[in-house]
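Each chain gets a letter, A, B and so on, in the order its sequence line appears, and its residues count up from 1.
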There are 2 protein chains.
Amino acid sequence: MTVASQGVSSARYSAQIRSHALQTRIMDLILEQGLDVGDSLPTESELSAVLGVGRNTVRESLKVLQALGVIEIRHGFGTFVAPNNFSALTEGLVFRGRLSLRHQGEEAMELVDVRQALESGLIGRAIDLVTAEQLGDLRAVMEAMDKAAAAGEPFAELDAEFHRRLYAPLNNELLMNLMDVFWKVYRQIHQALGAGPVNLGEQARIHWEIYEAVADKDKTLAAERLQRHFDGIRQKLKDVAAR
Amino acid sequence: MTVASQGVSSARYSAQIRSHALQTRIMDLILEQGLDVGDSLPTESELSAVLGVGRNTVRESLKVLQALGVIEIRHGFGTFVAPNNFSALTEGLVFRGRLSLRHQGEEAMELVDVRQALESGLIGRAIDLVTAEQLGDLRAVMEAMDKAAAAGEPFAELDAEFHRRLYAPLNNELLMNLMDVFWKVYRQIHQALGAGPVNLGEQARIHWEIYEAVADKDKTLAAERLQRHFDGIRQKLKDVAAR
DNA sequence: TAACGGAGATGGGACGTCCTTTGTCCTATT
DNA sequence: AATAGGACAAAGGACGTCCCATCTCCGTTA
């Protein structure tokens, strides 16, 4: 544990506790009133009155809750309970990643480790649950990837889509969000590092191999190929960071 | 899909883009100036001047960045680049979890799935890397757990500590943070659900079995026992949610 | 019937003011 | 000389107020 990691939660920062309390009160208010995703919160002025604090203070808390993906603020219309949304988490992680590039990109590597564990750990169950239709979707992505590769176009988005669809059978929204976050963060760190030239054809081939293993319902093989896929990514990161 | 669920990411919300841009500018400013963890940012007034926006606006962005774990604000002292810290993420997830209790606690289940994949997926490498000292630490936790179980005291904290130490050998701070978050969220959801009576002795036994497998460096067995541990948790959740 | 536009509501933002907290430094006391 | 305590300055915290920007809704008009 680092020196400072005891920081934020420490009782020392009473101000943080107070503003944190306000956020909690707002969340509790949502829950108490039985609001659900899509329902609207009271206006800022109303909240300011109900909670007994100034409107600016309310606004600060609302902004934080929005950043945490709890609510959605729409200018001129109102504030609403947000659907699941982790995009905020992305920002923080990307920042962390960029900050860590000064220290040999540890964070990026850690991120790949976590992704690897998640994906190769879950592929088995995904194979158990995948339907023919979902497999078809996956294949469609691969064909698009081939097309992009043949045209010499990068296919970062298709890559992400492939991994996303791979785990769609699990029907786990939290996982989807997390994987999205990891993917975006990885992407941005990769770009910031200055990605070297990529071999599109080989990229596509690796994904095809994973697809084949999944289509054959061969869990061990799929897990192994995913593992290797990530080993490759890790190696590439190491190469870039070494410069 | 609800009315609002197409919301946040849409280009439609220019206001969100603007405030998001401000956050990004602050983060960029940190990176450009070469600030590292612990360094202090300009004061709110200075930022307000440099960025050409009002102090309240700056404050809103700073609060968000604090919530994202990017910076740490200390009343009367200044604003600093924060060490890694995910505690903020916890809040959002706990809220999600509580919100979802109305829908048979799906989120809690998803959370367990992700934890399971992460932990059983990473235990192998943890076993590869674990040192004798770390193994000793792990054992110490187990002995404390035994003592608590014998005394009839719940040992949620020791349980968390066990899982934390299990993966300490990986030296992956991101993973540690994530696991901490998952743990806290799970804990809170569990409490909110109204935890049933727990069999302390059996809890301890299960953890001992995992420990033994790790001590024997038996990766397969450890992964399997972890898997079963989580299956048990999942079953318990299902029971509680069924009421 | 469809397109346009205004009204009203709601969030966005900027100042200015005063309070609270924190760290520092200086002084007085022992 | 060492220490305790108070004064001071700097920084963030909270509010109130005023005006702007944007959205939705609904009525008007072509």
Original post:
Sequence neighbours excluded, which residues qualify as side chain to side chain donor-acceptor pair (under 3.5 Å) partners of B:Glu91?
Top reply: A:His20

**OP:** Give the rounded distance in Å between these two atoms: NZ of B:Lys63 and P of D:dC15.
**Re:** 10 Å

Original post:
Are B:Thr57 and C:dG13 close enough that a side-chain N or O sits under 4.0 Å from OP1 or OP2?
Top reply: no

Subject >> Nearest-angstrom distance from the residue atom CG of A:Leu51 to C1' of D:dC15 >> reply: 15 Å

**OP:** Establish, for the pair B:Arg115 and B:Phe230, whether the NZ or CZ atom is under 6.0 angstrom from the six-membered ring centre and no further than 45 degrees off its axis.
**Re:** no

**OP:** If a pair satisfies salt bridge (charged side-chain N to carboxylate O under 4.0 Å, His left out) and one of its residues is in residues 25-40 of chain A, list it, with sequence neighbours excluded.
**Re:** A:Asp28-B:Arg98

**OP:** Could you list the residues that satisfy side chain to side chain donor-acceptor pair (under 3.5 Å) with A:Glu161, not counting sequence neighbours?
**Re:** A:Arg164, A:Arg165

Original post:
Going by heavy atoms closer than 4.0 Å, what residues in residues 24-36 of chain A are next to DNA chain C?
Top reply: none

Original post:
Tell me: CG of A:Leu65 to P of C:dG11, nearest whole Å?
Top reply: 14 Å

Original post:
A:Asp159: what forms a salt bridge (Lys or Arg N to Asp or Glu O under 4.0 Å) with it, not counting sequence neighbours?
Top reply: none

**OP:** Using the test side chain to side chain donor-acceptor pair (under 3.5 Å), find all partners of A:Glu153 that sit at least two apart in sequence or belong to another chain.
**Re:** none

Subject >> Between D:dC18 (P) and B:Asn56 (CG): distance, integer Å >> reply: 16 Å

**OP:** To the nearest Å, give me how far apart CD (A:Glu60) and P (C:dG12) are.
**Re:** 13 Å

**OP:** Send over the distance from A:Gln23 CD to D:dG13 P, rounded to a whole Å.
**Re:** 12 Å

I'd like a list of close polar pairs between nucleotides 9-12 of chain D and the protein, N/O only, cut-off under 3.5 Å.
residue : atom : partner : partner atom : Å
D:dG12  : OP1  : B:Thr79 : OG1          : 3.0
D:dG12  : OP2  : B:Glu44 : N            : 2.8
D:dG12  : O4'  : B:Gly76 : N            : 3.4
D:dG12  : N2   : B:His75 : NE2          : 3.4
D:dG12  : N3   : B:His75 : NE2          : 3.2

**OP:** Write out all pairs satisfying side chain to side chain donor-acceptor pair (under 3.5 Å) with one or both partners inside residues 43-52 of chain B, taking only residues at least two apart or from two chains.
**Re:** B:Glu44-B:Arg55, B:Glu44-B:Arg59

Subject >> For B:Lys184, all residues meeting side chain to side chain donor-acceptor pair (under 3.5 Å), sequence neighbours excluded >> reply: none

Original post:
How long is the line joining CG of B:Leu47 and C1' of C:dA14, in whole Å?
Top reply: 16 Å

